[in-house]
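Encoded as structure tokens, the structure appears first; notes follow it.
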Amino acid sequence: MSTQVIEKAQEMSHPNTATGRGSTLTGLGKLTGSEFRLLLRDPGMIFVAFIPILLVMIFGLLPSTSSPSEDFGGGRFIDFYLPPIVTMVIGMMALNALTSVLATYRERGILRRLAVTPVRPVSLLLAQGIVNLASLTTITAGVLALAGLAFDVPFPRQFFGFVVAFLLCVTAMFAVGLLISALAPTGKAANGIGTMAFFPLAFLAGVWTPGPLMPDVVRTISDFSPLGAGSQAMLRAWEGSFPEPLHLVVLLAYTIGLGFLSSRLFRWE
């Protein structure tokens, strides 16, 4: 991460770089391309992409999780486990990748340097959002394709509802990540806070105990957490119904509420 930040600082410091010339839109596009290159060099991305693929392979090959079970109404464990896997990836990107990058950029003065270029610091937030959303979409598509082709896991039957739930879960978790970035004094602190927040949120999303096996009280709490609401909304779309309004409202509330709070607290220097 430190090497990437230094490269970024050097790029921003030259007046003839992409962020120092041309229109704001052109600068945003080139800044986004730069962020993509930096993300691809991050070894952590291999981990983010590898973990969901590994989990699909494990639960697709184990007889106990790839065979019909009464606990899942005659369905298979792996059929119910895809939404928690997707939300786990969203949580990892939002709470680790996004938070540490933005906090580190502020810590190293990159946001301050951007403030004197035609492309303002807010463009970096947009570029990070585009890069992370594209990465999440690619990883999710790969996970769905692997599960479907290798283990006959059906695609979401209510595909539009799945897309809505996925996008709202992403925006809600990005809002959580931005709030952590706004409050954390350093990149390491942001990464630590994000990691501590990830585990309880992932638990409520059903990563360790899928929704159908959760105690009623835990599932009720899960309804009001961003990853829990996202996981249950996607599961409902997987089963063929549009997500419940409660889950969509919860995700929208996190997006608007924490997004507004983050914008008020975020420090560029």
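- Met93 has its side chain out of reach of Leu98: every pair of non-hydrogen atoms, C-beta onward, lies at least 4.5 Å apart.
- Nearest heavy-atom pair across Gly230 and Thr87 is C-CG2, 3.9 Å.
- With Gln232 as the fixed residue, the side-chain contact (heavy atoms from CB on, under 4.5 Å) test singles out one of Val250, Asp223, Leu204, Leu227: Asp223.
- Shortest non-hydrogen contact noted between Asp152 and Arg76 is O-NH2, 3.3 Å.
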message: Would Asn96 and Thr195 count as a side-chain hydrogen bond (donor to acceptor under 3.5 Å, both in side chains) here? Give the steps.
response: CA-CA 7 Å; Asn96 294 111; Thr195 299; 3.0 Å; yes
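- Phe174 and Leu252 fall into different hydrophobic clusters, where Ile, Leu, Val, Met, Phe, Trp and Tyr are joined by side-chain heavy atoms under 4.5 Å apart, directly or via other members.
- Between the side chain of Glu107 and the backbone N or O of Thr186, no donor-acceptor pair lies under 3.5 Å.
- Remark: the backbone N or O of Phe199 is not paired with any side-chain donor or acceptor of Trp208 at under 3.5 angstrom.
- Contact annotation: the side chain of Leu61 approaches that of Phe151 to within less than 4.5 Å [non-hydrogen atoms, C-beta and beyond].
- With Tyr254 contributing its side chain and Phe224 its backbone, the two residues share a donor-acceptor pair below 3.5 Å.
- In this structure, Phe162 and Ala237 approach most closely via the heavy-atom pair N-CB, 3.4 Å.
- Note on Leu248 and Leu201: separate hydrophobic clusters, where clusters join Ile, Leu, Val, Met, Phe, Trp and Tyr whose side-chain heavy atoms are under 4.5 Å apart, directly or indirectly.
- Under a 3.5 Å cut-off, the side chain of Thr137 and the backbone N or O of Leu133 do form a donor-acceptor pair.
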- request: Mind running side chain to side chain contact (heavy atoms under 4.5 Å, CB included) on Leu55 and Met88 for me, showing each step along the way?
  value: CA-CA 11 Å; Leu55 289 175; Met88 179 186 67; 3.5 Å; yes
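- Both Ile256 and Leu168 sit in one connected hydrophobic cluster of ILVMFWY residues. Membership requires side-chain heavy atoms under 4.5 Å apart, directly or through other members.
- Taking all atoms of both residues into account, the shortest heavy-atom contact from Val89 to Pro52 is CG2-CG, 3.6 Å.
- With hydrogens and angles ignored, the 3.5 Å screen pairs a side-chain donor or acceptor of Asn132 with a backbone N or O of Gln128.
- Taking the side chain as every heavy atom from C-beta outward, Leu251 and Thr171 never approach each other to under 4.5 Å.
- Smallest separation of non-hydrogen atoms from Ala165 and Met234: CB-CG, 3.8 Å.
- Closest non-hydrogen pair, Gly148 versus Phe155, comes out as CA-CE2, 4.3 Å.
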Criterion side chain to side chain contact (heavy atoms under 4.5 Å, CB included) on Val48 and Ile139, from CA distance to verdict: CA-CA 9 Å; Val48 173; Ile139 294 173; 3.9 Å; yes
- request: Would you sort out whether Arg236 and Glu244 count as a salt bridge (Lys or Arg N to Asp or Glu O under 4.0 Å), showing the intermediate values?
  value: CA-CA 8 Å; Arg236 187 170 175 84; Glu244 294 183 11; 3.6 Å; yes
task: Begin with the C-alpha distance, continue with both residues' side-chain angles, and end with the deciding distance and a verdict on side chain to side chain contact (heavy atoms under 4.5 Å, CB included) for Leu146 and Met57.
output: CA-CA 8 Å; Leu146 174 63; Met57 293 295 295; 4.1 Å; yes
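- Put simply, the side chain of Tyr81 gets close to the backbone of Val207: a donor and an acceptor are under 3.5 Å apart.
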message: Could you walk me through whether Phe203 and Val218 satisfy the side chain to side chain contact (heavy atoms under 4.5 Å, CB included) test, starting with their C-alpha distance in whole Å, then the side-chain angles of each, then the deciding distance to 0.1 Å, before giving a yes or no?
response: CA-CA 10 Å; Phe203 170 76; Val218 176; 3.8 Å; yes
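- Of the possible polar contacts, one joining the Ser225 side chain to the Ser222 backbone as a donor-acceptor pair under 3.5 Å is found.
- Cluster annotation: Leu235 is connected to Phe159 through the hydrophobic network of ILVMFWY side chains, with a link wherever side-chain heavy atoms come within less than 4.5 Å.
- Both the sub-6.0 Å distance and the 45° axial angle are satisfied by Arg106 relative to the ring of Phe266.
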